[in-house]
Each structure stands twice: as C-alpha cells, then as structure tokens.
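Only one structure is covered here, and it is reproduced in the block below.
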Amino acid sequence: SLVQDHPETMVDVQAAQLEAWDVDWDTAMTHARRNLRARSERPFAPVAPGLFRSPWEDNHDATRLVLEDLFRALPFDGAPVAMAPHRDALLVADEASPKALARMAELSLGILQRPRALSGTALRLGPAGWEPWLPGDALLRAAFLLLREQVHVRTCEEQGELLRLLFRREGREAHVAPYRVEVDRATGNAASSTLLPRKGETWLPRAETVRLLEADGTLRHTIAWEELEAWTGIPPVPEDGLWPPRFRLPGWRPIEAPDG
C-alpha cells in the first residue's frame, strides 16, 4: 500500500487520491520507493557478528524490505534472512551463522511483545526475492516456528476477548474456542489445535486439529480439521467480517471415529 506522511499521522493513499493527483499506481510506487531510499542513507546497525538491525525507527523500517539491494550489500557468507517483528524494527541475519539466527529469534521474541506487533515470519532473500523461510536445524526451526505462530496466537486471543465481550452484552451463550500451537523441539515441527465442546454454539478458529470434548471436559477424540463436517454434520464456513476467520458450529455428534 501507499501512505502519505504528515507530521503527526500517516494516511493511506486511496485510488481516488491518485486520480485527483492525476498519477497512476506505478508512477506513485516509483516515487514512493525513491522517497524511501532517500530516507535510508544510514546503514544497518551491527548487533552481533552476522546480525544487523535497522537504525531508522520512522514507522517505515519494515517497508524497507522492498529495497533489496540494502540487504544484498551486507557482509554475509550466506543469504540474508530478515524479520520485521514491528514497523520500527527490522532485523537481518546471515543464513550461514546459527548464532546470529538464534540471536535474531531471541530479539524478535521480545519485540513481538510490544503493541502493534507486525510479523513473526522469517524471510530469506534469494534470486527471486523474499520468500518465507525456516532453518534446517531442529532447535532453530522450533524457535522460528513459535515466532511465526506467536502473532497469530495473540491475534486470536484478542479477537476471542472481543467476541466474549460482545456475546455477554447480547446475552448470548456461546463458547469462543482458543487457538493453540505446540512445537516438538526434537523434530522442529509445529501443530495448531483448538477445542470443540460436544454441545452448544462454538466459534472455532481454523487449526490443523480439533479436540472434541465431552460435556465434562474430557477428551473424546482428536480429529483433523478436514474431518469436522463428518463430526458436526455441518461444513465449516467462515463467518463474514472476521479476521482471523472464525467458524460457528453447534458442537459435535457422538459418532464412531472413522476407520483408520
């Protein structure tokens, strides 16, 4: 997106504004990149061997990912790996340095606790540009997977609190299910899950697995998301206007687990 800076605020530039300026999108983007580059003369600040941090803190640090040459110029043995945990914090590490990557993960974890956290996804700069990235080492992979999921977990928690408040005000009895992520540190794999009580209206977040609970809270089965329709009798369809998506379901039916 395009923004226009003002002394105290930033304003998104809409299509109507571009028409009023008689400027097309590509021209506007060219000028925006030029302006951003002019504000990026200060070099990255070294944090540790193989790890750098953006020095600008002007609300556009993360946006500088579009200036790929800034990253390719860093003195790395491997490809640049970047994280933008906050709009004022851009970290970049040498893919060939496990210590630098571990330190980047540690710093990002702290920054993601700040208000307006941005992203926990690591990106690798290759010949075709930035792509989502995870390390091969199991311990590092587990750390980066947790970072990637942390923002989504917190967003679901905040959304859940708002939905519970809304339902209380409406006098509506509904369960707002949590979104959880577990990481196997031995393999570096992560899995997301949520909970579906047997009875009552439940608003589910999308997760890889769903734990079906009996009325007393005991676990009956753990199923894949794709099996939900078989257990509820209703295809999961996201409710309009919610992000992250939520799916309203009436509970699950006591049927036998599918064979296999």
Side-chain angles (χ1 to χ4, degrees), residues 1-13 25-135 137 140-141 143-155:
S1 64
L2 286 170
V3 297
Q4 186 178 20
D5 268 343
H6 295 276
E8 301 296 332
T9 61
M10 291 187 297
V11 179
D12 287 329
V13 177
W25 176 262
D26 290 339
T27 301
M29 284 296 294
T30 298
H31 284 291
R33 285 174 179 262
R34 187 180 302 143
N35 292 338
L36 185 63
R37 183 173 296 282
R39 297 172 58 166
S40 307
E41 293 182 354
R42 293 173 61 192
F44 280 99
V47 176
L51 176 63
F52 292 82
R53 179 170 177 161
S54 60
W56 306 286
E57 296 187 357
D58 59 359
N59 295 329
H60 300 298
D61 291 42
T63 308
R64 287 174 170 88
L65 286 167
V66 303
L67 305 178
E68 295 180 1
D69 57 298
L70 296 182
F71 301 85
R72 297 190 191 278
L74 291 170
F76 289 164
D77 294 325
V81 175
M83 293 192 69
H86 192 273
R87 65 184 185 183
D88 281 339
L90 179 59
L91 301 169
V92 56
D94 185 348
E95 184 186 22
S97 174
K99 289 184 177 180
L101 293 169
R103 180 61 175 150
M104 180 169 71
E106 179 184 3
L107 289 173
S108 296
L109 180 62
I111 296 170
L112 285 169
Q113 309 306 314
R114 293 161 53 181
R116 297 182 178 180
L118 190 57
S119 173
T121 299
L123 302 171
R124 181 184 182 275
L125 184 57
W130 294 105
E131 295 181 344
W133 174 89
L134 286 170
D137 176 81
L140 273 178
R141 183 183 180 88
F144 277 89
L145 275 171
L146 279 176
L147 287 172
R148 189 175 72 181
E149 291 289 348
Q150 182 169 335
V151 174
H152 190 65
V153 169
R154 189 164 76 177
T155 301

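The first residue in the sequence is number 1, and the count goes up from there.
Between V92 and L125, every side-chain heavy-atom pair lies at or beyond the 4.5 Å cut-off. Residues L146 and Q150 fail the side-chain proximity criterion, which asks for heavy atoms closer than 4.5 Å. Using a 4.5 Å cut-off on side-chain heavy atoms (C-beta onward), L91 and R103 make no contact.
A side-chain donor-acceptor contact under 3.5 Å links S119 to the backbone of T121. Judged by distance alone, the side chain of H86 and the main-chain N or O of P115 form a donor-acceptor pair under 3.5 Å. Side-chain atoms of R64 come within 3.5 Å of backbone atoms of H60 as a donor-acceptor pair (strictly under, hydrogens ignored). Judged by distance alone, with hydrogens and angles left aside, the side-chain atoms of D94 form no donor-acceptor pair with the main-chain N or O of F76 at under 3.5 Å. Looking at R33, its side chain does come within 3.5 Å of a backbone N or O of V66 through a donor-acceptor pair.
Residue L36 holds its CG atom at 6.5 Å from OG1 of T63, rounded to the nearest 0.5 Å. I111 contributes atom CD1, which lies 4.0 Å from atom CZ of R53 (distance to the nearest 0.5 angstrom). Atoms CG and CG, on D88 and L118 in that order, are 10.0 Å from each other to the nearest 0.5 Å. Distance check: L112 CG to L147 CG gives 6.0 Å after rounding to the nearest 0.5 Å. Between the CD atom of E149 and the OG1 atom of T155 there is a distance of 11.0 Å, given to the nearest 0.5 Å. Rounding to the nearest 0.5 angstrom, the gap separating the CZ atom in R148 from the CG atom in L134 is 5.0 Å.
Listed here is the closest heavy atom pair of L65 and A82: CD2-CB, 3.9 Å. Of all heavy-atom pairs spanning A84 and A62, the tightest one is CB-CB, 3.7 Å. Across every non-hydrogen atom of R154 and A117, the tightest pair is NH2-CB, 2.9 Å. In plain terms, the two heavy atoms of M83 and S108 that are nearest each other are SD-OG, 3.6 Å. Annotation for G129 and E68: closest pair CA-OE2, 3.6 Å, computed over non-hydrogen atoms.
With respect to R37 and D69, a salt bridge is recorded, a charged nitrogen being found less than 4.0 Å from a carboxylate O.
Between F144 and W133, the ring planes are perpendicular. Angles over 60° get that label, and only those under 30° would be called parallel. Taking the six-membered ring for Trp and thresholds of 30 and 60 degrees, F71 and F44 have ring planes inclined between 30 and 60 degrees apart.
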